[in-house]
Amino acid sequence: MFAGEGKVVACDRNNCRRVAGIVSTNPAHLMNSTQDGVALALAGRVPCKVIGPVQAGDLMVSAGNGRAMANNDALTGTIIGKAIEENIDGEGVIEVLALMM
């Protein structure tokens, strides 16, 4: 989430409106590569740490602790993207279509 002064930190709350993107483990294109910090996926298919049950097509929002969760009643500004895969329960890593909304 945005932490001020151009910094981002792991999101620490559910349905956060300050969410900044998904930390990318393998960016296809890295803009501002001379800047300090982590690479954020703002659009595209990316792996995402999730918690709880997720169905393909669910809207994804922050779940705290740097993870995402499904919330199909999410408010504008909290949406990270849409799940492409499912997570049965507990913690996992699934592919998400990042669509910051």
Side-chain angles (χ1 to χ4, degrees):
M1 66 184 203
F2 293 106
E5 300 180 17
K7 306 282 187 220
V8 294
V9 296
C11 194
D12 62 356
R13 61 186 76 134
N14 293 349
N15 299 291
C16 181
R17 286 186 182 259
R18 294 171 49 197
V19 67
I22 300 171
V23 173
S24 179
T25 55
N26 188 18
H29 178 69
L30 188 58
M31 297 175 63
N32 302 318
S33 59
T34 60
Q35 298 294 316
D36 290 335
V38 298
L40 290 178
L42 305 176
R45 297 170 71 129
V46 291
C48 181
K49 293 179 181 178
V50 298
I51 190 161
V54 177
Q55 298 291 317
D58 282 349
L59 294 175
M60 302 304 296
V61 299
S62 65
N65 200 22
R67 288 170 176 53
M69 66 181 182
N71 179 351
N72 289 311
D73 295 318
L75 299 174
T76 301
T78 65
I79 300 168
I80 300 167
K82 279 194 158 230
I84 296 173
E85 300 177 304
E86 68 175 20
N87 186 58
I88 302 302
D89 202 7
E91 293 188 22
V93 176
I94 65 167
E95 193 170 30
V96 168
L97 177 60
L99 300 163
M100 299 299 296
M101 296 184 266

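Hydrophobic clustering of Ile, Leu, Val, Met, Phe, Trp and Tyr side chains at less than 4.5 Å, counting indirect connections, unites F2 with V23. Cluster annotation: M100 is connected to V50 through the hydrophobic network of ILVMFWY side chains, with a link wherever side-chain heavy atoms come within less than 4.5 Å. Using a 4.5 Å cut-off between side-chain heavy atoms of Ile, Leu, Val, Met, Phe, Trp and Tyr, with links allowed through other members, I94 and V61 fall into different hydrophobic clusters.
Closest approach of A74 to I79, counting heavy atoms only: CB-CG1, 3.7 Å. Across every non-hydrogen atom of V93 and P47, the tightest pair is CG1-CB, 3.8 Å. Shortest non-hydrogen contact noted between N87 and G52 is ND2-O, 2.9 Å. Contact record, C48 with V96: CB-CG2, 3.6 Å, taken as the closest heavy-atom pair. The shortest heavy-atom contact between G66 and K49 is O-CB, 4.3 Å. Closest heavy-atom contact between P53 and D89: CD-OD1, 3.6 Å.
In terms of modelled atom types and a separation under 3.5 Å, the side chain of R67 and the main chain of N65 share a donor-acceptor contact. In terms of modelled atom types and a separation under 3.5 Å, the side chain of T78 and the main chain of C16 share no donor-acceptor contact. E95 places no side-chain N or O within donor-acceptor distance of the main-chain N or O of E85, the cut-off being under 3.5 Å.
Using a 4.5 Å heavy-atom cutoff, the side chains of I80 and I22 are in contact. When side chains are defined from C-beta on, M69 does not count as touching V54, because their heavy atoms never get closer than 4.5 Å.
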Give the intermediate values and the outcome of side chain to side chain contact (heavy atoms under 4.5 Å, CB included) for residues L97 and M60.
CA-CA 9 Å; L97 177 60; M60 302 304 296; over 6 Å; no
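Under the side chain to side chain contact (heavy atoms under 4.5 Å, CB included) criterion, N72 pairs with D58, L59, not counting sequence neighbours.
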